[in-house]
2 protein chains.
Amino acid sequence: MLSIGDLSRRTGVKVPTIRYYEQMGLLQAEGRTDGNQRRYSHAGLERLAFIRHARDLGLPIGAIRELIALDGSDCEKAHPIATLHLLDIRRRIEALRGLEAELARIAAACDGSAGACRTLAAFGDHGKCARDHSHP
Amino acid sequence: MLSIGDLSRRTGVKVPTIRYYEQMGLLQAEGRTDGNQRRYSHAGLERLAFIRHARDLGLPIGAIRELIALDGSDCEKAHPIATLHLLDIRRRIEALRGLEAELARIAAACDGSAGACRTLAAFGDHGKCARDHSHP
DNA sequence: CTTGAACCTCTAGTCACTAGAGGAATTAGG
DNA sequence: CCTAATTCCTCTAGTGACTAGAGGTTCAAG
């Protein structure tokens, strides 16, 4: 049986974060020692690796909870989670590219010459944006 | 003089958010009524528009605080804020593109045929990632 | 004047962690 | 076995950028 520290070292997920995931309902220890320490099986290690990968992919904890609750053959439900998240990532990329363009404009506004700082002025100037910003 | 609701309606920033910005030191009311309501000048309205634009660009509140504290000709300090943030945005775009590629792979893993769900399996499979994920 | 809308402060919550206090359990080395 | 260091525990509270709601006051319009 593996301790929480064992899991942490083998997955790169911090100990408090593992506890947090337990609190969030993603991962339970298989049991406790007489001293109340969590002990995990190899399946728990694999579950944590799953969680970490999904988190690394930017999936919110709620979505991961849904994935975990699925039967291993439940494509009907797993697939939309992946594709919806993919759409979300694409939307965020587009939004960030808009921000990039705008910030490049702002950063280029100043040539370092004396007088009023055109970068500062550009930060205040919403009218020059090609379109409305959205939060990526 | 403008009320907090006036500012909210004219900038799209919510009333509690304006109060939050005051708490964060970004924007103070010019005064209060006898009934303790905030009143802002036109300069306050412009300040809030500045804050909103910078937030829309993804600048953290601390960076905005720095920008606000600058003299209007202080290019030496404003320019690095813009360029550093631009670099950060570019880094996030790259990270998101990596995620996009990975999610596209995962979403494509299932053709809907019977048996074990390959999307679910792919979520658990970190080894297939071209490189390590980072959080955008 | 009355009423409804807008304002106030304060507290606490969201999300995904993160940090630290105070104490207990486990492990490794002598 | 003993001891010290490491690891574990629960609990509380904090981060950043908001958001929500309770309970009360003020303002503005009819």
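Every chain is numbered from 1, with letters handed out A, B, ... down the list of sequences. Both backbone and side-chain heavy atoms feed into the values below; hydrogens, waters and symmetry mates do not.
The CD1 atom of B/I18 sits 14 Å away from the C1' atom of D/dT19 (whole-angstrom rounding). At whole-Å resolution of the value, CG in B/L27 and P in D/dC18 are 13 Å apart. Atom CE of B/M1 is separated from atom P of D/dA28 by 13 Å (rounded to the nearest Å). Computed from coordinates, the A/R65 CZ to C/dC15 C1' distance equals 12 Å when rounded to whole Å. Nucleotide D/dC8 holds its P atom 14 Å from the CD atom of A/E22, rounded to whole Å. One interatomic measurement links the two molecules: CD of B/Q23 to P of C/dC10, which rounds to 10 Å at whole-angstrom precision. Atom pair A/D34:CG and D/dC9:P shows a separation of 14 Å (rounding to whole Å applied). Protein atom CG of A/L26 is 13 Å distant from nucleotide atom P of C/dC15, rounded to whole Å.
Applying the side chain to side chain contact (heavy atoms under 4.5 Å, CB included) criterion to B/A63, with sequence neighbours excluded, gives B/L59, B/P60, B/I81. By the side chain to side chain donor-acceptor pair (under 3.5 Å) test, A/D6 is found to be paired with A/S3, A/R9, residues two or more places apart in sequence or in another chain being considered. Remark: A/E30 engages A/S41 in a side chain to side chain donor-acceptor pair (under 3.5 Å) (not counting sequence neighbours). Under the side chain to side chain donor-acceptor pair (under 3.5 Å) criterion, B/R90 pairs with A/E100, sequence neighbours left out.
In terms of phosphate contacts, A/R38 brings a side-chain nitrogen or oxygen within less than 4.0 Å of OP1 or OP2 of D/dC9. A close approach under 4.0 Å does not occur between any side-chain nitrogen or oxygen of B/S3 and OP1 or OP2 of C/dA6.
Annotation: side chain of A/L7 is not in contact with side chain of A/V13 (no heavy-atom distance under 4.5 Å). For the pair A/R92 and A/I89, the minimum side-chain heavy-atom distance is below 4.5 Å. Residues A/L27 and A/Y40 have side chains in contact (heavy-atom distance under 4.5 Å, counting atoms from C-beta outward). At least one side-chain heavy atom of A/R97 sits under 4.5 Å from a side-chain heavy atom of B/I93. Between B/E102 and A/H53, some side-chain heavy-atom pair lies under the 4.5 Å cut-off. Two residues are said to be in side-chain contact when any heavy atoms from C-beta on lie closer than 4.5 Å; B/H42 and B/L45 meet this criterion.
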Anything under 3.5 Å between a protein N or O and an N or O of nucleotides 14-17 of chain D, put it in a table, one pair a line.
from	atom 1	to	atom 2	distance (Å)
D/dA17	OP1	B/I61	N	3.2
D/dA17	O3'	B/R55	NH2	3.4
D/dA17	N7	B/Y20	OH	3.4

Under 3.5 Å between N/O atoms: give me all the protein pairs with nucleotides 20-25 of chain D, atom names plus distance.
none

Below 3.5 Å between N/O atoms, which protein atoms pair up with nucleotides 27-29 of chain C? Just atom names and distances, please.
none

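Judged by closest nucleotide on DNA chain C, B/R9 is the one of B/R32 and B/R9 placed further toward the 5' end. Two residues, B/I4 and A/T33, neighbour DNA chain C, and the one matched to the more 5' nucleotide by heavy-atom proximity is B/I4.
Note on A/R91 versus A/E94: no salt bridge recorded, every NZ/NE/NH1/NH2 to OD/OE distance being 4.0 Å or above.
In the set C/dT9, C/dC7, D/dC9, D/dC9 carries the atom at the smallest distance from any side-chain atom of A/N36.
Fit an axis to the five pairs at each end of the helix from C/dC1-D/dG30 to C/dG30-D/dC1 and the two axes sit 0° apart, to the nearest 10 degrees.
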Expected list for residues 16-25 of chain B: side-chain donor-acceptor pairs under 3.5 angstrom, two or more places apart:
from	atom 1	to	atom 2	distance (Å)
B/E22	OE1	B/R38	NE	2.9
B/E22	OE2	B/R38	NH2	3.2

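The shortest heavy-atom contact between A/I51 and A/I64 is O-CD1, 4.1 Å.
Note: B/H85 NE2 to B/T83 OG1 = 11.0 Å, rounded to the nearest 0.5 Å.
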